[in-house]
Novice: 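Here's a structure for you.
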Amino acid sequence: MDDIETRAALWASLPGIEALHVSADGSWVFWSWAGPHENTEIYCAPTDGSAAPKRLTTSRDHAYIRAVNHNGSEAIFARSPDSCERDQLFLLSRDGAESPLTHAQRNHYVFGGAFSPDGNCAIWIADYDYTAGQPTSGGWIWAQDLASDTRRVLHKMEGPFESGAEFSPDGAHILWRVMSGPAGATQLWIMRADGSEAREVVRASDTSPITGAWLDADTILFIGEGITNDYVGRYTLSTNKAEALAEAADFNPQGLIAGPDGRCAVIAYADSRCTPELLAGHSRTPLANPTGRGSILPLGSHPDGSWIVEAYDAGAPHEILRLHPDGRCTTIARAPHGAACIRPESLHWTSPDGTRVQGWLYKPKGTPRGHVTYVHGGPTWHSEDWTNPKIQFWLSCGYSVLDPNYRGSTGRGMAWRKRVKEDGWGGREQADIRAGTEAVIALGLAQPGRIAVAGNSYGGFSSWYAITRHADLVNAAIPMCGMYKLDIDYNETEMPWGKSYSEEMMGGSPEDMPEKYANASPGNFVDNIKGRVMVVHGLADTNVGPANTHVAVQDMRAKSINHTVLLFADEGHGVTRRSNLAHYLAASARFLEGAFGHE
């Protein structure tokens, strides 16, 4: 076998595109690029392909784009110490000069960051009073004049918040989302740019979420939950009326990107594949994919009718391309990598209750030496045929990998997404994951005694669940930043939306239903563990508190359970610095060698 550390460093450098934003005039694209450097750094490039991508930041911590001004001359980006998600906002010019918009801190959250259309003002939402210098109980919408640096609060909210705010294309109004009512319910609000006349304009129902985006100065497009499906609707300011535009059983919208001539791109999914469509009024047409890659994700437009897309599959690093109306493709950014990636095949299997489940099966070269079921986080998220350095590294070690889209995942419609709430966390979605692993065994690509489960966040919770509740099948687990006891998770999370999310998924708080939380908590079944555990956590994690891991380690030590601990002081909710990721990958390889009896 070649040197594990060398191979781990290679896969830790696999490029990944994040937080891509296109200027309103369509001429420039900015994005954050993970992999090529120790930290995620910001790049920009002209959308006509006339110049190579230009690196703009050199950071101690990751830098993520939040917004780009109208002509692409300036951007807003966020950076937090040790990825703790307590962000500081900066202005960034195309020559790489940066200046702070807000101060460095570790005691509040800053969501969003958007320019006014004229570029003279920036807005964001923070649970912080900059005048008094102290945190607030809800999100306040702040506006800063960029010429004078004067700052004022436009609107004050109470309670949880989860996103930023956006100016209308004419700069007259501001749109944002409010979390109000039962856990999981959201509404769209607008106000004038001076903070006056704040009001709710659209809600899908009293209990459901809604997202929205400006199409033009008089129109907000939104995605809401219907009776059986998600749908795209339109709210018109001048008439104060909302109407449904597109809804169908095979139409699963998840995002909206405004385009020219009253059109928008709908980011839709079919069986966990991105299948974007163009929407003009009530008319839907597929957005053609001439790129040669498995999927395209539209992220911005050009006035000439072009779309700026991320083109991707698991076979090579993702690319940024411009799709012209005549079918031509212009390459904007492509990062080669020195190793060959393996694409998965879509696998379907049946869960014990008869439910059909989909996931992505990766086969290594040669006979598998063991198996890893890699569980995505969320659970309100999904996996696709896209690059993942952990999966590709484990494939290079000779392991088969299954990446399941269990019930509760996005990408397969509203009904599938909401099914995790029927039981709450630790319910039949875990049976979906187990059944997928058993399907891989039935295919001859895994064998009992060499089965691991790994994942971050909810994938970490699922790893804990598998090693404690499915100990007859799973003999190794690598939970990263995972919930060990759900009452600890509820009380330790610091995210503004964290407790509300738990209540939405579980049907209430630990105080409301202590037995349900206890029965779903892997930490209450640690005596069942028969195999080995490698527990991983970033100590700056403010989402799933490190207390989960501290308690788990105490329990495993007290019960003499075979375990390894990997803690990172300079990481938050995950392991993302390139050197740390390489260290994690190499440690996971050594752990699996021992757990699978290859030592």
Side-chain angles (χ1 to χ4, degrees), residues 16-20 34 64 83 85 111 162-163 177 183-184 186 209 211 223 225 230 252-256 267-276 295 297 299 310 312-314 318 344 346 357-360 373-391 401-430 432-433 436 453-466 479-483 489 493 495 497-498 500-502 504-506 541 543-544 572-576:
I17 294 168
E18 303 179 50
L20 189 150
Y64 296 104
S83 299
E85 299 185 70
F111 286 1
E162 60 179 356
S163 55
R177 188 162 60 163
T186 59
T211 60
I223 298 174
E225 291 184 352
D230 293 321
N252 301 313
Q254 200 166 304
L256 300 164
I267 300 170
Y269 291 87
D271 208 24
S272 305
R273 293 183 187 273
C274 190
T275 55
S295 298
L297 177 68
L299 293 164
E310 182 177 345
Y312 62 96
D313 51 52
H318 298 194
S346 182
V357 187
Q358 183 272 341
W360 301 100
T373 293
Y374 181 76
V375 185
H376 69 71
T380 315
W381 185 241
H382 69 272
S383 290
E384 297 184 46
D385 173 9
W386 53 24
T387 54
N388 182 312
K390 299 172 189 174
I391 290 176
V401 180
L402 177 69
D403 193 353
N405 284 312
Y406 50 88
R407 69 190 74 192
S409 302
T410 55
R412 298 187 69 196
M414 184 184 84
W416 187 251
R417 183 180 68 244
K418 296 176 74 170
R419 287 194 67 175
V420 71
K421 300 181 190 179
E422 295 174 3
D423 303 328
W425 293 338
R428 281 171 288 177
E429 89 284 2
Q430 298 299 325
D432 296 341
I433 296 167
V453 178
N456 185 56
S457 192
Y458 198 78
F461 165 77
S462 298
S463 303
W464 278 120
Y465 193 99
M480 178 188 290
C481 302
M483 303 98 81
D489 175 63
T493 187
M495 299 298 290
W497 45 263
S500 176
Y501 188 58
S502 293
E504 177 191 359
M505 295 291 117
M506 296 295 287
D541 190 352
N543 188 334
V544 175
H573 194 54
V575 176
T576 52

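Note that the structure is a prediction, hence the values are computed from the model and not measured.
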Novice: Mind checking whether C481 and N543 have side chains closer than 4.5 Å, heavy atoms only?
Specialist: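 Result no, sub-4.5 Å side-chain heavy-atom pair not found.
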Novice: How about W386 and E310: do any of their side-chain heavy atoms sit closer than 4.5 Å?
Specialist: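 No, side chains not in contact.
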Novice: As a quick check of understanding, evaluate side chain to side chain contact (heavy atoms under 4.5 Å, CB included) for D403 and I391, giving each step before the final call.
Specialist: CA-CA 9 Å; D403 193 353; I391 290 176; 3.6 Å; yes
Novice: Which residues pass the salt bridge (Lys or Arg N to Asp or Glu O under 4.0 Å) test with D313, not counting sequence neighbours?
Specialist: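 If we apply the salt bridge (Lys or Arg N to Asp or Glu O under 4.0 Å) test to D313, skipping adjacent residues, the hits are R293, R343.
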Novice: Measure the shortest side-chain to side-chain distance between L256 and I223 over non-hydrogen atoms and say whether it is less than 4.5 angstrom.
Specialist: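 Result yes, sub-4.5 Å side-chain heavy-atom pair found.
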Novice: Can you sort out the partners of S272 under side chain to side chain contact (heavy atoms under 4.5 Å, CB included), two or more places apart, ordered by chain and number?
Specialist: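 Q358, W360, N405, R412.
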Novice: For the atom pair CD1 (I267) and CG (L299), what is the distance rounded to the nearest 0.5 Å?
Specialist: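 Here the rounded value is 6.0 Å.
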Novice: Can you see which heavy atom on P404 is nearest to which on I433, and at what distance?
Specialist: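 Heavy-atom minimum between the residues: CG-CG1, 4.3 Å.
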Novice: Looking at every heavy atom in both M483 and S457, which two are closest together, and how far apart are they?
Specialist: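 Looking at all heavy atoms of both residues, the closest pair is SD-O, 4.0 Å.
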Novice: Is there a side-chain contact between M505 and T380, using heavy atoms and a 4.5 Å cut-off?
Specialist: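 A side-chain contact under 4.5 Å exists here.
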Novice: Applying side-chain hydrogen bond (donor to acceptor under 3.5 Å, both in side chains) to Y465 and E429, what does each step give before you reach the verdict?
Specialist: CA-CA 11 Å; Y465 193 99; E429 89 284 2; over 6 Å; no
Novice: Show your reasoning for whether side chain to side chain contact (heavy atoms under 4.5 Å, CB included) applies to W381 and S409.
Specialist: CA-CA 5 Å; W381 185 241; S409 302; over 6 Å; no
Novice: With under 30° as parallel and over 60° as perpendicular, where do the rings of W497 and Y501 fit, or are they tilted in between?
Specialist: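 Judged by the thresholds at 30° and 60°, the geometry between W497 and Y501 is perpendicular.
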Novice: Test of understanding: with salt bridge (Lys or Arg N to Asp or Glu O under 4.0 Å), list the residues that count as partners of D230, not counting sequence neighbours.
Specialist: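 Counting only residues at least two positions away or on another chain, D230 forms a salt bridge (Lys or Arg N to Asp or Glu O under 4.0 Å) with R417.
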Novice: Run the salt bridge (Lys or Arg N to Asp or Glu O under 4.0 Å) test against D489 and tell me which residues pass, sequence neighbours left out.
Specialist: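 Applying salt bridge (Lys or Arg N to Asp or Glu O under 4.0 Å) to D489 gives none.
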Novice: Indicate yes or no for a side-chain donor-acceptor contact from N252 to the backbone of A270 under 3.5 Å, with no hydrogens or angles considered.
Specialist: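 Such a contact is absent between N252 side chain and A270 backbone.
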Novice: Please determine whether side chain to side chain contact (heavy atoms under 4.5 Å, CB included) holds for the pair S346 and R273, giving the CA-CA distance in whole Å, both sets of side-chain angles, and the decisive distance to 0.1 Å.
Specialist: CA-CA 10 Å; S346 182; R273 293 183 187 273; 4.2 Å; yes
Novice: With sequence neighbours left out, what residues match R428 under salt bridge (Lys or Arg N to Asp or Glu O under 4.0 Å)?
Specialist: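 For R428 the salt bridge (Lys or Arg N to Asp or Glu O under 4.0 Å) partners, ignoring immediate neighbours, are D353, E422, D423.
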Novice: So does E225 pair up with K418, basic N to acidic O under 4.0 Å?
Specialist: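 So E225 pairs with K418 through a salt bridge.
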Novice: When rounded to the nearest 0.5 angstrom, what is the spacing between CH2 in W425 and OG in S462?
Specialist: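 Between W425 CH2 and S462 OG, I get 10.5 Å after rounding to 0.5 Å.
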Novice: Ignoring hydrogens, what is the shortest heavy-atom contact between T186 and P209? Give both atom names and the distance.
Specialist: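 Here T186 and P209 meet closest at OG1-CA, 3.2 Å.
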Novice: So how far is it from D271 CG to E384 CD, rounded to the nearest 0.5 Å?
Specialist: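 Spacing of CG (D271) from CD (E384) equals 11.0 Å.
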Novice: Measure up the H382 and Y269 rings against each other and bin them: parallel (under 30°), tilted (30 to 60°), perpendicular (over 60°).
Specialist: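 Perpendicular, since the angle between the ring planes exceeds 60°.
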Novice: Would you say the side-chain atoms of E504 pair up with the backbone N or O of S502, donor to acceptor, closer than 3.5 Å?
Specialist: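 No, the answer is negative, given that no donor and acceptor are paired below the 3.5 Å cut-off.
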Novice: Is it the case that the side chain of H318 and the backbone of T387 share a donor-acceptor pair, with hydrogens and angles ignored and the cut-off at 3.5 Å?
Specialist: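 Confirmed, H318 side chain pairs with T387 backbone.
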Novice: Check G460 against P479 and note the closest heavy-atom contact, atom names and distance.
Specialist: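 Reported closest heavy-atom pair: O-CB, 3.4 Å.
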Novice: How close do S500 and A183 get, counting heavy atoms only, and between which atoms?
Specialist: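 Closest approach of S500 to A183, heavy atoms only: O-CB, 3.4 Å.
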Novice: With no hydrogens and no angle check, just 3.5 Å: does a side-chain donor-acceptor pair link H573 and S83?
Specialist: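 Short answer, no.
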Novice: Can you confirm whether N388 sits close enough to Y374 that some side-chain heavy atom of one is under 4.5 Å from a side-chain heavy atom of the other?
Specialist: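 When only atoms from C-beta onward are counted, Y374 and N388 do touch, with a gap below 4.5 Å.
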Novice: Tell me whether E162 is salt-bridged to R177, with the criterion being a basic N under 4.0 Å from an acidic carboxylate O.
Specialist: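 Between R177 and E162 there is a salt bridge, with a charged N closer than 4.0 Å to a carboxylate O.
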Novice: Enter the distance from R419:CZ to Y406:OH here, rounded to the nearest 0.5 Å.
Specialist: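 Atom-to-atom, R419:CZ and Y406:OH are 14.5 Å apart.
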Novice: Look up atom CG in D385 and atom OG in S295, then write down how far apart they are to the nearest 0.5 Å.
Specialist: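 That separation rounds to 6.5 Å.
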Novice: Measure from the side-chain N and O atoms of N456 to the backbone N and O of G459, and report whether any donor-acceptor pair falls under 3.5 Å.
Specialist: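 Not at all, since once roles are kept as given, no pair shorter than 3.5 Å links the two residues.
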Novice: Taking the side chain as every heavy atom from C-beta outward, state whether E18 and Y64 have any atom pair closer than 4.5 Å.
Specialist: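 In short, these two side chains touch, coming nearer than 4.5 Å.
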Novice: Could you work out, with side-chain hydrogen bond (donor to acceptor under 3.5 Å, both in side chains) as the rule, every residue matching E85, not counting sequence neighbours?
Specialist: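 E85 satisfies side-chain hydrogen bond (donor to acceptor under 3.5 Å, both in side chains) with no other residue.
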Novice: Kindly compute the distance separating CH2 (W464) from CD (Q430), expressed to the nearest 0.5 Å.
Specialist: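 CD of Q430 is found 14.0 Å from CH2 of W464.
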